[in-house]
Amino acid sequence: MKHSLTPVILSGGPGTRLWPLSRQQYPKQLLPLVDQHSLLQETVRRLDGLDDIVIQPPIIVCNEEYRFVIAEQLRLIGKTGKIILEPCGRNTAPALTIAALAAMQKGDDPILLVMPSDHVITDIAAFQTAVHKGMLLAESGILVTFGITPDTPETGYGYIQYGTALYEPGTFQISRFVEKPDLVTAQNYLAEGSYLWNSGMFMMRTSVWLAAIDTCRRDMLDACRAAWQPESVDGDFHRIDKTAFAACPSDSIDYAVMESLSAHPDTLPPGAIIPLSAGWSDIGAWDALWHTLPKDESGNVVRGDVLLHACRDTLAFSEHRLVACIGVDNVVIVETSDAILVAHQDKTQEVKHIVDTLRQKNRPETRSHRKIYRPWGWYDSIDTGERFQVKRIVVNPGAALSLQMHHHRAEHWIVVRGTAQVTRADKTFLVSENESTFIPLGTPHRLENPGRVPLEMIEVQSGSYLGEDDIVRFEDKYGRKES
């Protein structure tokens with residue numbers, strides 16, 4: 001008989017140390033940092049081809065801001081899933097508890113595999129072997145975590161010490177969790193040989209997790225039960241009660257439950273750890289990405305329009321412009337449409353200080369890219385000035401913007417590819433390539449793509465105020481009230 005496994009993918013972190021590619025509204029897990037797929041897509045695909053196990057559609061717990069991008073990324077890789085929207089962040093223990101309540105909605109009690117959406121694993125075979133071992137333990141009521149076999153004295157990770165070997169080869173009891181160490185302590189851990197990096201991946205039967213969180217943090221379970229609303233479904237999305245979830249305590253899976261297992265064997269289920277050597281990285285900063293990616297003979301990693309001369313151990317990314325580097329070593333250069341980062345590899349953890357400064361100054365570069373994704377497609381603000389803004393807009397086939405109106409701006413639309421169906425006041429008409437139309441200030445309007453190819457347009461806005469919050473929606477197929 002084949003076993004059944006439900007992936008739970010946690011997708012809530014902003015990834016600030018990978019700025020300027022990672023932004024608040026489009027964080028690192030949604031970016032194709034390693035290959036053509038995003039980290040989220042690679043996480044979903046990581047279980048493909050797993051022998052003797054039926055993989056159920058994933059449960060993805062994410063920030064509400066990411067909902068349309070995540071749904072589209074699933075569609076692009078031919079996957080479906082249950083997308084649960086967190087109205088605010090409450091760390092990983094409440095996120096897993098909400099996912100567990102969703103998994104048991106129909107009376108099932110599946111095995112859950114909890115994975116952060118922003119990790120890289122290069123040896124999929126080794127990972128799937130560990131998953132097989134975890135299934136055997138989880139089915140017997142054990143709470144399982146995966147520890148990464150360390151190869152350096154890393155000070156940026158927490159560690160887990162393992163103890164006595166269990167009946168399944170390559171699995172062990174959890175001895176203790178320890179915080180991020182200083183360098184000397186990390187070197188001692190590496191030499192001792194029984195310490196593993198804390199990966200943040202877990203496996204358990206759903207009922208076992210709910211019983212454990214009930215014992216350890218009943219206040220958290222009660223808040224999540226109050227927030228979980230099985231009937232609150234909005235298309236691909238499952239919403240939870242904002243007020244109830246905001247009242248939920250914030251804590252990690254480790255602190256809420258896992259660290260208590262060995263100390264309370266009479267009241268809590270047993271815990272186990274599986275050592276994993278599978279090319280794992282959490283891509284916490286630019287230096288970690290440099291270590292992960294293939295390099296040339298001088299140790300350089302390049303992407304985009306980049307020229308290097310006499311450079312070593314350098315990562316250079318270009319999204320739009322030519323980046324030329326001469327005689328630099330151990331440097332990170334990341335170019336985007338609205339920001340450029342230059343940092344020494346030893347200082348990449350400190351990118352968060354730049355992000356904090358930008359936030360204090362209320363700079364938009366921390367929140368979003370110039371290119372903004374919407375459920376209907378995307379737009380790129382290619383130029384702006386006093387009383388005008390120019391956008392490049394792409395609308396997916398069959399998609400439509402909301403029926404809307406602006407108080408402070410008029411819009412000129414020029415179609416450069418495809419055909420637009422335009423509603424303006426009480427008229428609906430087509431605008432073809434190399435044609436244009438005008439939307440006067442205060443006029444209800446809608447843009448649709450009735451064709452089979454993407455609709456590409458140039459929009460010129462003019463008026464006294466051009467902010468995205470100058471919008472009144474009359475109808476919207478995506479259920480949005482704002483941009």
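Given the structure is predicted, the values throughout are model-derived calculations rather than measurements.
Using modelled atom types, one finds a donor on one side chain and an acceptor on the other under 3.5 Å when comparing Ser140 with Tyr167. Checked by atom type, the side-chain pair Asp287/Thr348 shows a donor-acceptor distance below 3.5 Å. Side-chain contact check for Gln173 and Ser262: no donor-acceptor pair (N or O, by modelled atom type) lies under 3.5 Å. Side-chain contact check for Gln349 and Arg17: at least one donor-acceptor pair (N or O, by modelled atom type) lies under 3.5 Å. A donor and an acceptor atom, one from each side chain of Asp338 and Thr336, are located under 3.5 Å apart.
No cation-pi contact links Lys352 to Trp19, judged by a cut-off of 6.0 Å to the six-membered ring centre and 45° from its axis.
Taking the ring centroids of Tyr26 and Tyr373, they lie under the 6.0 Å cut-off. Note: Tyr157 and Tyr195 fail the aromatic proximity criterion, with ring centroids not under 6.0 Å apart.
Between the side chain of Thr206 and the main chain of Pro110, a donor-acceptor pair closer than 3.5 Å is present. Side-chain atoms of Lys79 never come within 3.5 Å of backbone atoms of Gln41 as a donor-acceptor pair (strictly under, hydrogens ignored). Between the side chain of Asp329 and the main chain of Arg312, a donor-acceptor pair closer than 3.5 Å is present. With hydrogens and angles disregarded, a donor-acceptor distance shorter than 3.5 Å links the side chain of Asn300 to the backbone of Cys311.
A salt bridge links Glu64 to Arg239: one of the charged nitrogens lies within less than 4.0 Å of a carboxylate oxygen.
Within the 4.5 Å cutoff, no side-chain heavy atoms of Ile273 are placed close to those of Phe146.
Classified by interplanar angle (parallel below 30°, tilted 30° to 60°, perpendicular above 60°), the ring pair Tyr159/Trp197 is perpendicular.
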